[in-house]
Amino acid sequence: MVTFYRRLPKFDYLAPQSIEEALALLSRYQGSAKVIAGGSDVVPKLKRRAMKGIDYIVDLKGISGLDYISYDGAGLKLGPLATVRAVERSDVVLETFPMLAQAAESMASPQVRNRGTVVGNICNAVPSADMAPSLLTLDAKVSVVSEKGSRTVAIQDFFTGPTKTVLSADEIVTGIEIPNPPANSRGKYIKLTPRRAMDLAVVGVAVMVTPENGICKDLRIALGAVSPTPIRVAQAESILKGNKFSDELIDQVAEAAAEGCRPISDHRASAEYRRDMVRVLTRRAIRELLSDEAASAQGFGKGA
Amino acid sequence: MKSIKLEINGVQHEVEVAPWRTLLEVIREELQMTGTKEGCGLGECGACSVLMDGKTVNSCLVLAAEANGKRITTIEGLAQAERLHPIQQSFIDNGGFQCGFCTPGMIMSTKVMLDDNPNPTDDEIKKGISGNLCRCTGYAKIFDSIRAAKVAMAASSDGRGGA
Amino acid sequence: MAEFSLIGKSVPRVDGVEKVTGKAGYAADFSLPGMLWCKLVRSPYAHARIVNIDASRALRLPGVKAVVTGKDFGGWTWGWMPATRDEPPVAVDKVRYWAEAVAGIAAIDEDTAEEACDLVDVEYEELPGVFDPEEAMKDGAPAVHDYAENNISVQYHWNFGDVEKAFADAYIVREDRFATSRATKGYIEPPATLAYYDPSGYITVRAAKQSPYFHYRHLAACFKLPLSRVRVIQPYIGGGFGGTKNDSLAGDFCAVLLSKMTGKPVKYVESMEEELTTSRRRHNMITYSKMGATRDGIITAIQHKVIADGGGYTAVGPLSLYLAGFGTTLPYKLDNFKYDGYRVFTNNPMGAAMRGHGVTHTRFAAECQMDMIADELGMDRLEIRMKNSIDNPAPGTTYTTINGVTLKTCGMKEAFRQVAEPYWHERNELPKKEGNISWGVGVSGAPYLTGARQMGHQACAAIIRLCEDGTVNLITGATDCGQGSDTVLAMIAAEELGIPVSAVISQKVDTSYTPADPGSYGSRVTVLGGQAVQKAAQEVKKQLVEVAAQTWKVKPEDVDIRDGMVFVASDPDKQMPFDRMARVACYSGTGAVIMGTGYSTYGLEPLGMESGYGNAGVSYSFTAQTARVGVDLETGQLTTQSFTIASDCGRMLNPLLAEGQIEGGAIQGLGQAIYEDFIMDKGRTLNPTFVDYKMPHSVDIPEMKLIDVETNDPDGPYGAKEASEASHVSTPPAVICAIHDAAGVWIKEQPATPEKIVKALKEKAKEKAQK
Ligand SMILES: Cc1cc2nc3c(=O)[nH]c(=O)nc-3n(C[C@H](O)[C@H](O)[C@H](O)COP(=O)(O)OP(=O)(O)OC[C@H]3O[C@@H](n4cnc5c(N)ncnc54)[C@H](O)[C@@H]3O)c2cc1C
Ligand code: FES
Ligand code: FES
């Protein structure tokens with residue numbers, strides 16, 4: 001049977017006042033409770049019945065103090081209620097981690113960004129999640145709690161499959177920590193879409209490079225929408241590290257990035273095009289970062 | 001059922017709603033304010049845009065319960081009695097709509113944009129309404145309307161085009 | 001004194017305040033006490049026999065009031081022409097496209113109705129489906145309808161002149177295959193209705209229909225009621241653009257029948273995903289185009305074989321296929337033209353009407369092919385167009401095409417002249433390459449018809465009644481679905497009566513009171529409705545002038561009305577404000593009612609669908625367009641930088657509104673050219689959302705420069721012709737020709753997505769390497 005729903009399914013709405021209370025609800029209701037931050041992923045999914053068996057919505061927005069975006073010299077901390085819009089407009093983010101602001105701005109629409117959160121974006125864990133590639137290159141760490149205890153998960157280990165993460169149903173992400181990147185590093189997120197707004201990435205490429213006297217001290221490349229999860233491509237990164245920049249090596253890096261991903265064909269693009277674009281955009285990102293004076297002027301690591 | 005309080009266009013409402021009701025459903029169906037439109041119901045068209053604590057949101061994606069205690073502004077709240085808001089007047093004068101279905105949402109996005117930044121560049125204008133689809137106008141006359149509204153609002157001391 | 005006091009002025013819309021304040025009521029904004037909600041159960045197969053439907057579980061769900069299935073409509077079917085009435089309101093024994101409706105449910109609220117959908121047990125026997133129109137035409141393909149041999153729904157074979165000889169004599173002949181996409185109207189308002197079948201036997205419906213009278217006839221026929229017992233009241237319409245809002249939907253029929261069964265009003269609102277999945281969309285058409293030209297670029301022959309994907313039912317397909325052929329002899333002179341058109345049934349959603357109806361497909365093919373020929377001949381792409389364009393007939397004369405299309409005005413050449421300087425000629429001074437971006441400019445020409453003919457009823461009528469306070473009631477059957485016709489018609493009434501627009505009170509369509517009208521269809525309202533209003537207003541004026549003449553004891557010829565004043569020019573003592581004279585007239589003698597009626601008389605000869613000969617409309621508009629587009633040679637991404645659009649839409653009655661139409665049409669054309677397409681998998685639409693069905697957003701819009709080419713057509717009120725469909729048709733070829741200019745690749749299948757461009761660039765590189 002095919003039905004096109006306009007209404008949400010029935011559920012109860014719970015608004016805990018503290019993390020502890022939220023955790024208790026999650027453990028009480030096992031898999032039938034769903035956490036929401038902005039709800040911009042969960043609500044459409046519920047409406048389209050793409051998510052089933054949810055009897056309880058646990059809204060974190062009743063808990064105060066979770067929308068922080070703070071910088072303490074060692075790194076940036078994002079609370080689970082920090083919205084995409086707030087990150088995009090935050091002075092400290094713009095100054096210190098401009099790549100994050102850039103990725104944030106590339107998402108959806110002002111309305112969705114006003115609701116959606118960075119944490120929700122990674123927890124939702126679609127391969128095209130726009131915040132993921134930048135966070136991957138920044139070696140972000142995700143703080144997780146449950147009634148059983150807390151743990152910190154490196155973002156590289158966070159995603160386990162399309163819309164799947166290491167989180168179990170009774171866990172909550174309490175924040176993302178983003179350490180200062182290497183001094184003199186600069187980064188960029190390129191999102192490939194047919195339109196300029198309200199579009200999902202056909203390919204997303206985040207690159208962070210640390211040049212020093214013509215030598216590549218560090219290179220990190222993360223890709224979105226071209227594998228079951230957002231990924232880093234270590235093999236590609238290693239080609240340039242410690243070597244002098246050259247067009248030839250950059251091409252090799254781009255080639256290795258293209259080989260390092262596992263794209264699929266769907267209604268948005270073919271696997272072949274996606275792979276080609278990883279090659280093109282990886283090369284483009286590195287070249288632009290190297291030539292971009294402005295990037296170094298406002299680059300990373302200022303606070304380091 | 002949940003009892004929630006909403007301040008809509010300056011008026012306090014207390015309504016009993018099911019937890020799965022959206023803010024849009026409550027505004028349109030419970031409160032019978034049908035100026036806010038439903039296009040896609042999925043956050044993709046912006047027809048349902050309202051202001052919640054001064055920010056634009058897709059009311060089709062906000063649970064009514066999430067809006068409890070919030071300040072909401074809808075299209076019905078812009079004009080003061082018979083006096084149109086300068087943005088509304090500007091959309092009329094500059095042909096900023098045809099069928100008018102996207103218009104309430106478009107005007108709400110414009111309002112926030114101009115409240116945030118009274119002098120947006122053309123590029124900022126385009127970005128400011130990038131969450132609002134319009135199929136009729138091809139946007140050109142919407143851009144004209146926003147540019148003219150910006151001038152009208154700047155010219156008035158109260159930012160509303162009045163004296 | 002200016003010739004007109006209102007015509008030609010940018011008068012703001014008459015419905016402006018309602019629309020900017022949220023007070024305008026659209027179909028879904030209405031509700032009635034005790035109202036039920038309707039929801040449709042839809043098929044999970046594209047082609048299947050319905051073996052059994054058991055709704056007992058659904059009926060047991062508390063809150064469910066009634067369920068209807070296809071059988072409850074008593075075997076009634078409908079269609080655009082008597083010969084093609086093959087569509088039931090709800091599938092009866094077979095479903096022919098994915099998500100076709102199989103049952104309708106009424107419940108106390110929409111949540112319950114939705115929940116009940118899952119409880120309707122339908123047993124299907126899946127049948128092999130056919131999804132490609134060219135496959136569907138082959139022997140042995142699964143039959144969508146038993147009556148259609150080789151799944152051919154409609155075909156036309158026309159032959160004018162002698163194409164064979166012309167090709168033999170031509171210096172150059174090209175053959176190419178082009179295809180248009182599965183584009184859709186994309187209005188933001190989903191279809192909706194609120195229906196009440198009064199137990200005494202009257203149907204009242206508020207529905208989002210751009211042609212309320214179609215719906216009115218469908219309902220009367222379906223429910224076997226005299227037309228006088230069906231009342232369709234038109235609310236504000238959130239965009240039309242053809243297709244779904246011309247026609248009646250399963251939800252419309254079910255809401256009425258469910259109301260009849262329950263005695264309650266029933267509301268139905270389609271979800272946008274449902275609309276994008278199931279609605280009538282533009283036919284995707286394949287055009288095999290053969291074009292011949294002389295050495296100096298005179299086009300001598302065009303042969304088109306067109307295959308249109310019709311989907312599961314005929315709908316308005318005969319007209320779509322006709323228009324795809326008819327339009328090819330415009331806007332260029334052509335002596336030899338052959339057309340073989342096939343509309344083919346498949347198990348896809350129905351192909352139907354949309355802005356630029358029919359013409360967009362073959363014009364795209366012909367414009368691109370003309371460029372290919374110009375390039376091969378080493379000719380400038382604008383020059384070949386200037387050379388072939390039809391000249392503007394001298395006043396009082398007509399130009400007749402080889403298939404009998406008659407033009408009284410044609411601004412095509414002038415429009416090309418207008419875009420030539422500076423836009424076309426300046427292009428070489430603009431940068432060709434910036435980084436990865438290669439820039440190109442395209443030029444195209446396009447016609448469209450004003451006042452598309454119908455098969456049966458064609459005319460529009462208007463009634464104007466003078467009220468004693470000096471306002472007039474304007475009553476027409478014309479529907480304003482956003483294009484601004486309420487405003488233009490009010491302007492016409494006001495112009496003729498010498499009163500302000502604000503004194504004209506337009507009534508929305510209510511089939512019980514307004515004159516029958518085909519609705520907003522084929523760019524007809526301004527011209528046909530406009531003429532009707534003009535005549536009605538002239539009659540009112542005549543009657544009022546007579547009253548004034550009697551009052552002042554002068555001859556009626558000496559009285560005139562202007563700027564709200566009734567006066568005798570030769571005698572300054574004899575003048576009176578319009579409203580006072582209205583009062584005098586209304587209160588005089590026996591209380592005569594001052595009322596004028598009028599109807600359109602333009603172009604009443606029938607449509608020659610079989611022969612392909614004769615007019616499809618009353619007059620023809622023309623657009624010349626340039627587009628500057630940047631192609632990222634590595635990613636295929638496009639930057640649409642600017643459009644210049646020179647339009648001959650006769651006389652612009654209201655430039656603000658006409659420009660809005662032209663811009664809106666062009667941007668919808670841009671969507672079709674580069675973004676919009678439904679991606680299908682065995683009849684199922686994979687991208688039925690506004691994120692994945694990509695209509696242009698604010699940030700995707702080029703600078704648009706509009707140029708008005710005025711021609712003043714005798715067959716239009718004040719010389720008006722249509723505006724918007726021609727710019728919708730000229731945009732895709734302009735953009736795709738620009739992509740070729742920029743990147744050297746032809747994208748012959750719309751839309752020109754980044755991926756297609758990259759693929760074409762790769763192939764080109766491969767070819768080059770092989771050479
Ligand atoms: C129209 C539209 C366009 C969009 N466009 C884009 C786009 O361009 N790019 C893009 O990346 N995304 C896009 N999205 C998706 C979405 O907006 C983002 O992923 C957003 O960041 C999600 O954040 P949220 O807070 O709204 O998530 P929610 O919907 O609240 O949650 C998402 C998921 O994360 C879980 N979750 C949230 N917070 C926590 C927590 N603290 N602990 C544990 N689990 C948690 C939820 O349980 C859920 O599974 C779009 C969505 C819409 C509706
Ligand atoms: S209706 Fe809410 S975004 Fe479309
Ligand atoms: S005016 Fe119709 S959608 Fe914008």
Side-chain angles (χ1 to χ4, degrees), chain B residues 18 20 28-29 32-47 74-79 82 84-85 87-107 123 125-143, chain C residues 10 12-13 15-26 28-31 111 185-190 236-241 269 271-273 276 480-484 656-657 659-668 670-671 689-692 695-701 703-704 706:
Chain B
W20 56 86
R28 284 179 55 83
E29 295 171 359
Q32 291 289 314
M33 297 170 75
T34 54
T36 306
K37 304 299 171 202
E38 175 161 10
C40 65
L42 295 172
E44 302 175 348
C45 73
T74 69
I75 189 70
E76 287 92 345
L78 282 201
E82 294 296 289
L84 295 180
H85 188 282
I87 298 173
Q88 293 173 312
Q89 190 60 50
S90 180
F91 269 68
I92 295 178
D93 295 343
N94 295 283
F97 55 89
Q98 292 179 19
C99 80
F101 201 77
C102 69
T103 312
M106 198 64 85
I107 288 179
D123 205 42
I125 288 175
K126 290 185 175 188
K127 284 186 179 163
I129 56 164
S130 63
N132 295 78
L133 267 176
C134 174
R135 188 57 155 177
C136 296
T137 61
Y139 303 95
K141 301 236 177 303
I142 297 179
F143 303 153
Chain C
S10 287
R13 306 179 67 99
D15 51 10
V17 173
E18 284 75 10
K19 286 181 174 172
V20 300
T21 53
K23 289 187 187 127
Y26 298 79
D29 297 342
F30 292 90
S31 45
D111 308 64
K185 293 102 18 191
Y187 34 66
I188 314 299
E189 177 203 29
Y236 281 89
I237 309 292
F241 317 115
V269 182
S271 93
M272 189 51 81
E273 203 177 336
L276 294 175
D480 191 334
C481 47
Q483 79 273 40
L656 186 70
L657 297 184
E659 284 167 21
Q661 286 301 301
I662 294 165
E663 290 160 353
I667 296 307
Q668 211 175 24
L670 173 66
T689 64
F690 285 147
V691 166
D692 280 328
M695 311 202 293
H697 269 268
S698 54
V699 283
D700 303 311
I701 304 306
E703 285 296 316
M704 284 188 268
L706 305 190

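In the text below, chain A, chain B and the rest are named by the order of the sequence lines, each starting its count at 1.
For a residue to count as touching a neighbouring chain, one of its non-hydrogen atoms must lie under 4.5 Å from one of that chain's; by this rule S31(C) touches chain B with the side chain only. Only the side chain of I107(B) comes within contact range of chain C, with at least one heavy atom under 4.5 Å from a heavy atom of that chain. When heavy atoms are compared at a cutoff of 4.5 Å, D123(B) does not approach chain C at all. Interface residue F101(B): backbone and side-chain heavy atoms are both found under 4.5 Å from chain C. For M695(C), the parts lying under 4.5 angstrom from a heavy atom of chain B are both the backbone and the side chain. Within the 4.5 angstrom heavy-atom criterion, only side-chain atoms of L42(B), from C-beta onward, approach chain C. The part of D111(C) that comes within reach of chain B is its side chain, from C-beta onward, which places non-hydrogen atoms under 4.5 angstrom from that chain. Both the backbone and the side chain of V17(C) come within contact range of chain B, each with at least one heavy atom under 4.5 Å from a heavy atom of that chain. Heavy atoms of I237(C) lying under 4.5 Å from chain B belong exclusively to its backbone. For Q89(B), no part lies under 4.5 angstrom from a heavy atom of chain C.
No other option in C136(B), A140(B), G35(B) has as many heavy-atom pairs under 4.5 Å with chain C as C136(B). Counting heavy-atom pairs closer than 4.5 Å to chain B, the top-ranked of the candidates G665(C), P696(C), A24(C) is P696(C). Interface summary for chain C: among T137(B), T103(B), T74(B), I125(B), the most heavy-atom pairs under 4.5 angstrom belong to T137(B).
No side-chain donor-acceptor contact under 3.5 Å links E273(C) and S271(C).
Here the side chain of E663(C) pairs no donor or acceptor atom with the backbone of G138(B) at under 3.5 angstrom. R135(B) places no side-chain N or O within donor-acceptor distance of the main-chain N or O of G238(C), the cut-off being under 3.5 Å.
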- Query: side chain to side chain contact (heavy atoms under 4.5 Å, CB included) between R13(C) and D480(C): does it pass, once the steps are laid out?
  - Reply: CA-CA 11 Å; R13(C) 306 179 67 99; D480(C) 191 334; 3.8 Å; yes
- Task: Apply side chain to side chain contact (heavy atoms under 4.5 Å, CB included) to F97(B) and I92(B), showing your working.
- Result: CA-CA 8 Å; F97(B) 55 89; I92(B) 295 178; 4.2 Å; yes
- Please test Q98(B) against Q661(C) for side chain to side chain contact (heavy atoms under 4.5 Å, CB included), starting from the C-alpha separation and ending with a verdict. CA-CA 9 Å; Q98(B) 292 179 19; Q661(C) 286 301 301; 2.9 Å; yes
- Item | Steps toward side chain to side chain contact (heavy atoms under 4.5 Å, CB included) verdict (E189(C), Y236(C)) | CA-CA 10 Å; E189(C) 177 203 29; Y236(C) 281 89; over 6 Å; no
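A salt bridge between E659(C) and K141(B) is present, with a side-chain N of the basic residue lying under 4.0 Å from a carboxylate O of the acidic one. The pair R28(B)-D29(C) counts as a salt bridge, with a side-chain nitrogen and a carboxylate oxygen less than 4.0 angstrom apart.
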